[in-house]
Amino acid sequence: MKTMFVMFLVLASQVVAGQRLQDTAAVYFPFDRFQITAEARAVLDGFIGAFREGRIRGPLVIYGFTDSRGSHAYNDLLSRRRSFAVHEYLLNNGIPKTEVDVIRGFGKRAPVNANSTPEERQLNRRVDLIYHNVPQPQVPVTETEPPAAPVQEAPPTDTVRSFSKNVIDSVKEGETLRLKNIHFLNARHTFLRESMPALYELLEVMKNNPTLVIEIQGHICCHIGDPQDAPDFDANNEPRLSTNRARAVYDFLVENGIDPKRMTYRGFAGTVPLVNPELTDADRTLNRRVEIKIIRK
């Protein structure tokens, strides 16, 4: 079992001429559940769209995992159910059955971490969907970046404080906090895997402060000063990218038990940059963000 999983990790990271031969999309599940959530649907719909456009191909490998709680027998069954739920969703949305090569459940036998915190356990409640990349022309990766960036003598000072459990007691109503380490796939509202710990920190704060009311604010890069939002690949290229990224955080909180009456969400497109002009990828990453405005404590 261990040898097979190590081989899977090696294959998933193989590269040729700077491009991955195989890559992995992760779909996450709530504790003790195998049903597809709205967040999981967003990931799978983006995957299906890329498959239809010929940017990725099979054969596909579907591996299910759980956290460390419960017996091996129970977790083996739960991980298989998660794998087959993803498999069924793909088939029902146009992926040919012949494109799926392996469907397996590893239970709690192959964790990606020590399962020592709620955030670590959540990263193990998942299905990994392994696929083949189709080589694409090498073009700059931007969020529909315009030909020329607006000119400003010096970037503004970043005065937005980072959100954390430690600062929530000191903030005032009307203050805005930046959600650090909340990252998305380019031109999409799908979270990158490393965003999960920060999302769960926000969830914990919302649960521990039941009177807290917030506005979730989405921002994008590469359109400095432009009120027109960028196209969202996960929403058929509708120009709602900043709004949909804020909505993704909102949906995550609602799915994990937070009353939707305590939250609103809003997209600002490129009208409120932290860095202007954007000269580097780091500048664009800083502008591609989600912030939380404290409405009431």
Side-chain angles (χ1 to χ4, degrees), residues 23-30 36-53 55-56 86 89-90 93 122-123 126-127 129 131 141-145 163 176-203 206 214-223 226-256 258 260 263-274 278 281 284-293:
D23 213 334
T24 304
V27 178
Y28 295 94
F29 293 81
I36 302 296
T37 65
E39 181 185 351
R41 283 196 299 273
V43 175
L44 292 172
D45 288 347
F47 178 90
I48 292 166
F51 190 96
R52 289 172 177 168
E53 293 174 3
R55 294 187 287 111
I56 62 177
V86 170
Y89 189 90
L90 294 178
N93 287 276
Q122 177 57 43
L123 291 175
R126 72 188 196 283
V127 165
L129 185 56
Y131 57 91
V141 179
T142 65
E143 252 161 44
T144 59
E145 186 174 358
F163 174 91
T176 299
L177 300 174
R178 179 153 43 88
L179 283 179
K180 192 175 182 180
N181 299 322
I182 298 291
H183 300 303
F184 299 85
L185 292 174
N186 184 64
R188 299 171 62 178
H189 66 265
T190 298
F191 295 113
L192 293 177
R193 181 180 298 188
E194 57 263 30
S195 300
M196 300 310 297
L199 287 169
Y200 274 91
E201 183 177 40
L202 173 61
L203 174 63
M206 293 296 289
I214 63 173
E215 180 182 75
I216 305 166
Q217 303 178 347
H219 304 267
I220 60 173
C221 76
C222 313
H223 292 255
D226 190 351
Q228 175 67 37
D229 218 335
D232 182 355
F233 175 79
D234 289 331
N236 297 317
N237 286 326
E238 293 182 3
R240 291 176 52 84
L241 184 60
S242 67
T243 300
N244 288 346
R245 285 178 172 170
R247 175 64 186 264
V249 176
Y250 172 92
D251 287 341
F252 171 84
L253 294 172
V254 170
E255 287 177 2
N256 284 278
I258 303 303
M263 302 176 291
T264 56
Y265 61 90
R266 181 183 176 190
F268 285 82
T271 60
V272 191
L274 293 178
E278 297 169 340
D281 286 340
R284 288 183 281 273
T285 296
L286 192 60
N287 283 337
R288 186 190 296 130
R289 69 197 191 278
V290 173
E291 294 177 348
I292 300 297
K293 184 177 181 179

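Below, each value reflects all heavy atoms present in this structure, side chains not excepted, and no hydrogens, waters or symmetry copies.
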(message) I'd like to know whether L44 forms a side chain to side chain contact (heavy atoms under 4.5 Å, CB included) with V86, so could you lay out the CA-CA distance, the side-chain angles of the two residues, the decisive distance to 0.1 Å, and finally the verdict.
(response) CA-CA 8 Å; L44 292 172; V86 170; 3.9 Å; yes

(request) Report the C-alpha distance between I182 and R245 in whole Å, list the side-chain angles of each, state the deciding distance to 0.1 Å, and finish with yes or no for side chain to side chain contact (heavy atoms under 4.5 Å, CB included). (result) CA-CA 10 Å; I182 298 291; R245 285 178 172 170; over 6 Å; no

(message) Run N256 and L199 through side chain to side chain contact (heavy atoms under 4.5 Å, CB included) and show every step you take.
(response) CA-CA 11 Å; N256 284 278; L199 287 169; over 6 Å; no

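Interatomic distance, E39 CD to M196 CE, rounded to the nearest 0.5 Å: 5.0 Å. In this structure, CG on L90 lies 10.0 Å from CG on D45, to the nearest 0.5 angstrom. Summarising the geometry, atom CZ belonging to R52 is positioned 6.5 Å from atom CG belonging to N93; distances are rounded to the nearest 0.5 Å. Note that the CD atom of Q217 and the CD1 atom of I292 stand 8.0 Å from one another [nearest 0.5 Å]. Taking CG of L241 as the reference point, atom CD1 of I220 lies at 5.5 Å (rounded to 0.5 Å).
R289 and R178 make their closest contact through CD-CD, 3.8 Å (heavy atoms, listed as atom of the first residue, atom of the second, distance). In plain terms, the two heavy atoms of Q228 and P239 that are nearest each other are NE2-CB, 3.2 Å. Pairing each heavy atom of T37 with each of Y28, the nearest pair is OG1-O, 4.2 Å. Taking every heavy atom of both residues into account, G218 and A246 meet most closely at N-CB, 3.7 Å. Nearest heavy-atom pair, C221 versus R284, reported as atom, atom and distance to 0.1 Å: CB-O, 3.3 Å.
Of the possible polar contacts, one joining the Q122 side chain to the F29 backbone as a donor-acceptor pair under 3.5 Å is found. Side-chain atoms of D229 come within 3.5 Å of backbone atoms of S242 as a donor-acceptor pair (strictly under, hydrogens ignored). Between the side chain of E278 and the main chain of C222, a donor-acceptor pair closer than 3.5 Å is present.
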Only distances under 3.5 Å count here; give the side-chain donor-acceptor pairs of residues 263-274 to other protein atoms, sequence neighbours excluded, each with its distance to 0.1 Å.
residue: Y265; atom: OH; partner: R247; partner atom: NH1; Å: 2.7
residue: T271; atom: OG1; partner: F268; partner atom: O; Å: 2.7

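With sequence neighbours left out, Y250 forms a side chain to side chain donor-acceptor pair (under 3.5 Å) with no residue at all.
The only option from T176, I214, L202 that meets the side chain to side chain contact (heavy atoms under 4.5 Å, CB included) definition with F163 turns out to be L202.
You'll find the ring centres of F47 and Y131 inside the 6.0 Å limit.
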